[in-house]
Protein chains: 2
Amino acid sequence: MREFIAVTKALADENRVRVLMALRHGELCACQIQELLQLAPSTTSKHMQILYQARMVESRKVGRWVHYRLPEPVPGWEFITESLDWLERNLKDTSIIQADDERLKSLRAKNRQELCP
Amino acid sequence: MREFIAVTKALADENRVRVLMALRHGELCACQIQELLQLAPSTTSKHMQILYQARMVESRKVGRWVHYRLPEPVPGWEFITESLDWLERNLKDTSIIQADDERLKSLRAKNRQELCP
DNA sequence: ACTAGATTTCGACTATTGACGAATCAACGA
DNA sequence: TCGTTGATTCGTCAATAGTCGAAATCTAGT
């Protein structure tokens, strides 16, 4: 129950929901997430920490850069992937997410070089 | 998106999740919910208000008594019933909910008379 | 070792939220 | 009408949460 509530609390913020929706297209670097959300680096880091602790994202470090992605399905933790499916089904056509998806195209293309050199 | 976040915020509290799980067995009166949660009447009322405004519960008034129940499915609001299904699938076997279910048996039986005379 | 860049941690501030008791409102019965 | 009861609203407090800038940490290159 405690882990479940950690997930529901993680979902109770629009910026974090936007991050999860962005990650459904594939891994993103912390700098790309920060650029997407237009938040301070520290705020972005704090949000990612909450998602990480709720096991809603996984991360790997490449040099200075941290890449986040959605988690692999794990037996016993189906409620996490189910919640992510629930987000996708219901939010993929909303204007905020579609605007984010649009911006993500350029963010993913060019900012691999400019944002994460 | 705003309504969706209202739902995720409503889910971000254990007591409110417990209420929703309790309501899956059928309608409850405010006094029964209050008894189940062991919270002050004002706190209980505030929680139910949050659930009501997120459209996660419906209510009807009978004299002094207010009865709450889970909402009927409404086209365009599938994310609500989907969230409730998500709760049920993943929490019905947890100890907190099972303990609640046990207490609900007596609450539903006797307290129709003692709690809501 | 020094510099630069990315990220995290820290501290402060503001906003939000959960909890309570008191006050208020609505309904009911004498 | 008045007193009682159930529920809601209001006000207060403490805790939590989102945000920022500064500082610290980590990594890489020279």
Side-chain angles (χ1 to χ4, degrees), chain A residues 1-2 5-20 23 27-54 56-69 107 110-117, chain B residues 2 5-20 23 27-54 56-69 96 107 110-117:
Chain A
M1 182 73 157
R2 212 189 57 230
I5 296 296
V7 166
T8 62
K9 281 182 187 292
L11 293 173
D13 178 74
E14 181 176 314
N15 283 319
R16 289 200 291 274
V17 167
R18 286 172 67 199
V19 170
L20 294 169
L23 288 175
E27 192 174 69
L28 285 171
C29 167
C31 58
Q32 290 171 315
I33 293 169
Q34 175 190 318
E35 182 67 26
L36 175 69
L37 299 183
Q38 292 288 301
L39 293 174
S42 55
T43 309
T44 307
S45 183
K46 189 64 189 284
H47 280 310
M48 297 318 294
Q49 183 186 58
I50 289 165
L51 289 174
Y52 184 80
Q53 283 173 355
M56 302 193 81
V57 295
E58 290 170 345
S59 68
R60 63 183 177 107
K61 202 159 192 179
V62 181
R64 299 194 197 95
W65 295 280
V66 181
H67 299 275
Y68 293 96
R69 64 185 180 274
L107 274 183
K110 75 173 180 182
N111 293 308
R112 270 300 190 186
Q113 296 178 42
E114 291 173 37
L115 280 184
C116 317
Chain B
R2 213 190 58 229
I5 296 295
V7 167
T8 62
K9 283 181 186 289
L11 293 173
D13 177 74
E14 181 176 314
N15 283 319
R16 289 200 288 276
V17 167
R18 287 172 66 199
V19 171
L20 293 169
L23 288 175
E27 192 174 68
L28 285 171
C29 168
C31 57
Q32 292 172 311
I33 293 169
Q34 176 190 315
E35 182 67 28
L36 174 70
L37 299 182
Q38 292 288 301
L39 292 174
S42 55
T43 308
T44 307
S45 185
K46 189 65 191 284
H47 280 309
M48 298 316 296
Q49 182 186 58
I50 289 165
L51 290 173
Y52 184 79
Q53 281 172 358
M56 302 192 82
V57 297
E58 290 170 346
S59 68
R60 65 184 177 106
K61 198 159 196 178
V62 180
R64 298 196 195 92
W65 295 282
V66 181
H67 299 275
Y68 293 96
R69 63 184 180 275
I96 294 180
L107 274 184
K110 75 174 177 182
N111 293 309
R112 269 300 190 188
Q113 297 176 41
E114 291 174 36
L115 282 183
C116 319

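As the structure is a prediction and not an experimental result, all values here were calculated from the model. The chains referred to below are lettered A, B, ... by the order of the sequence lines, with proteins before strands, and numbering in each begins at 1.
For the pair B:Gln49 and D:dT8, the criterion of a side-chain N or O lying under 4.0 Å from OP1 or OP2 is not met. For the OP1/OP2 pair of C:dT17 and a distance below 4.0 Å, the side-chain nitrogens and oxygens of B:His47 include no atom meeting the criterion. In terms of phosphate contacts, B:Tyr68 brings a side-chain nitrogen or oxygen within less than 4.0 Å of OP1 or OP2 of D:dT8.
A 4.5 Å side-chain heavy-atom check between B:Arg18 and A:Met1 finds at least one atom pair inside the cut-off. B:Tyr52 is listed as a side-chain neighbour of B:Val57, based on a closest heavy-atom distance under 4.5 Å. You'll find the side chain of A:Met48 stays beyond 4.5 Å of the side chain of A:Val66, heavy atoms only.
The minimum heavy-atom distance between B:Ala54 and B:Ala6, with the atom names listed, is CB-O, 3.8 Å. The two residues A:Ala10 and A:Arg16 have their closest heavy-atom pair at O-NE, 2.8 Å. Listed here is the closest heavy atom pair of B:Ser59 and B:Arg69: C-NH1, 4.2 Å.
For A:His67 and C:dA6, the NE2 to C1' distance is 11 Å, given to the nearest whole Å. C:dA22 atom P lies 19 Å from atom NZ of B:Lys46, rounded to whole Å. Rounded to an integer number of Å, the gap from CE of B:Met48 to P of D:dG6 is 18 Å. Atom-to-atom, CD of A:Gln34 to P of C:dT8 comes out at 10 Å; the value is rounded to the nearest Å. The interatomic distance linking B:Ile5 (CD1) with D:dA17 (C1') rounds to 15 Å, in whole Å. Here D:dA7 presents its C1' atom at 16 Å from CG of B:Leu28, a figure rounded to the nearest Å. Following rounding to the nearest Å, B:Leu37 (CG) and D:dA7 (C1') show an atom-to-atom distance of 15 Å.
Of the possible polar contacts, one joining the A:Thr8 side chain to the A:Ile5 backbone as a donor-acceptor pair under 3.5 Å is found. Formation of a donor-acceptor pair under 3.5 Å by the A:Gln38 side chain with backbone atoms of A:Glu35 is found in this model. In this structure a side-chain-to-backbone donor-acceptor pair under 3.5 Å is present from A:Gln32 to A:Leu107.
Less than 4.0 Å separates DNA chain C from at least one heavy atom of each of the following residues of residues 7-16 of chain B: B:Lys9, B:Asp13, B:Asn15, B:Arg16. Within residues 38-45 of chain B, the residues having any heavy atom under 4.0 Å from DNA chain D are, by residue number, B:Pro41, B:Ser42, B:Ser45.
The side chain to side chain contact (heavy atoms under 4.5 Å, CB included) test with A:Thr44 is passed by exactly one of A:Val19, A:Ile33, A:Asn15: A:Ile33.
A:His67 and A:Arg60 are not linked by any side-chain donor-acceptor pair at a separation below 3.5 angstrom, with hydrogens and angles left out of the test.
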Inset, instruction - At under 4.0 Å between heavy atoms, which parts of nucleotides 24-30 of chain D does protein reach? Answer with one letter per nucleotide, 5' to 3': B base, S sugar-phosphate only, - none. - result: --SBB--

